[in-house]
K.L.:
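I have a structure here, written as structure tokens, and I will follow up with some questions on it.
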Amino acid sequence: MNDTAYKPCGYYVLVKMDEVEEKSEGGIILATASGLKREQGGQCIGTVVAFGPAAYKGFEGCTSPDDWGVKIGDKFETNRYAGKPVMREGYENYRLITDAEIIATIREEH
């Protein structure tokens with residue numbers, strides 16, 4: 001799959017949500033198939049894949065996502081169930097969210 005084959009429009013952002021684990025480190029199954037799908041839909045952490053052409057341009061002082069502090073590849077946090085799931089084969093864990101739904105970027109601590 002090519003992440004650039006699916007382009008968001010307007011102020012939408014294409015994001016890939018982190019996978020929800022099916023099993024604990026000890027091998028215990030944590031969710032049924034339907035429960036796993038529900039948990040995946042509520043995932044709050046993901047990675048920015050692509051910006052629509054108007055993303056972050058409607059905010060005072062912003063002319064690009066960089067002005068907001070967000071760039072492609074950033075890990076971010078959003079609200080549970082934010083956005084719309086992408087309905088294309090190969091994009092099962094992708095969502096389209098509005099630019100304002102990215103509420104924090106996450107930097108790795110060392």
Side-chain angles (χ1 to χ4, degrees):
M1 182 204 44
N2 180 356
D3 287 341
T4 60
Y6 199 91
K7 294 279 191 188
C9 297
Y11 54 86
Y12 284 93
V13 181
L14 178 64
V15 299
K16 183 171 196 262
M17 304 310 292
D18 286 0
E19 300 280 335
V20 172
E21 295 293 322
E22 290 184 60
K23 296 181 180 179
S24 71
E25 290 181 17
I28 297 171
I29 296 174
L30 300 174
T32 63
S34 63
L36 185 62
K37 187 173 183 174
R38 182 180 58 249
E39 285 300 311
Q40 186 63 49
Q43 179 60 288
C44 306
I45 306 294
T47 303
V48 176
V49 175
F51 295 106
Y56 298 104
K57 292 182 180 174
F59 298 102
E60 186 174 334
C62 288
T63 59
S64 72
D66 283 338
D67 294 335
W68 195 260
V70 181
K71 63 184 182 306
I72 291 175
D74 276 353
K75 288 286 260 187
F76 71 93
E77 183 171 345
T78 189
N79 293 314
R80 286 180 68 81
Y81 304 104
K84 178 206 169 299
V86 173
M87 306 304 274
R88 182 175 177 177
E89 187 176 328
Y91 288 82
E92 286 77 16
N93 290 327
Y94 286 75
R95 288 192 216 161
L96 289 165
I97 65 174
T98 63
D99 51 10
E101 289 180 299
I102 294 177
I103 57 176
T105 56
I106 302 167
R107 305 283 184 239
E108 295 296 321
E109 293 183 34
H110 298 285

K.L.:
Looking at every non-hydrogen atom in both residues, tell me the closest pair between Pro8 and Pro53 and how far apart they are.
P.N.:
O-CD, 3.8 Å
K.L.:
Quick check: Tyr6 with Tyr94 (ring centres under 6.0 Å apart)?
P.N.:
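Distance test on ring centres: not under 6.0 Å, no.
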K.L.:
Would you list the atom pairs, donor with acceptor, under 3.5 Å between side chains in residues 98-106 and any protein atom, with sequence neighbours excluded?
P.N.:
residue	atom	partner	partner atom	Å
Thr98	OG1	Glu101	OE1	3.2
Asp99	OD2	Tyr56	N	2.7
Glu101	OE1	Thr98	N	2.8

K.L.:
Do Ile97 and Phe59 belong to the same hydrophobic cluster, where Ile, Leu, Val, Met, Phe, Trp and Tyr are linked whenever their side-chain heavy atoms lie under 4.5 Å apart, directly or via other members?
P.N.:
yes
K.L.:
Can any side-chain N or O of Arg95 pair as donor or acceptor with the backbone N or O of Met17 at less than 3.5 Å?
P.N.:
no
K.L.:
Can you list the steps and then say if Leu96 with Leu14 is a side chain to side chain contact (heavy atoms under 4.5 Å, CB included)?
P.N.:
CA-CA 5 Å; Leu96 289 165; Leu14 178 64; 4.1 Å; yes
K.L.:
Can you pull the salt bridge (charged side-chain N to carboxylate O under 4.0 Å, His left out) pairs that have at least one residue in residues 46-66, sequence neighbours excluded?
P.N.:
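Not a single pair qualifies under salt bridge (charged side-chain N to carboxylate O under 4.0 Å, His left out).
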K.L.:
Distance-only criterion, 3.5 Å: show the donor-acceptor pairs between side-chain atoms of residues 69-77 and protein atoms not counting sequence neighbours.
P.N.:
residue	atom	partner	partner atom	Å
Lys71	NZ	Asp74	OD1	3.1
Asp74	OD1	Arg107	NH1	3.3
Asp74	OD2	Lys71	N	3.0
Lys75	NZ	Asp18	OD1	2.7
Lys75	NZ	Asp18	OD2	2.7

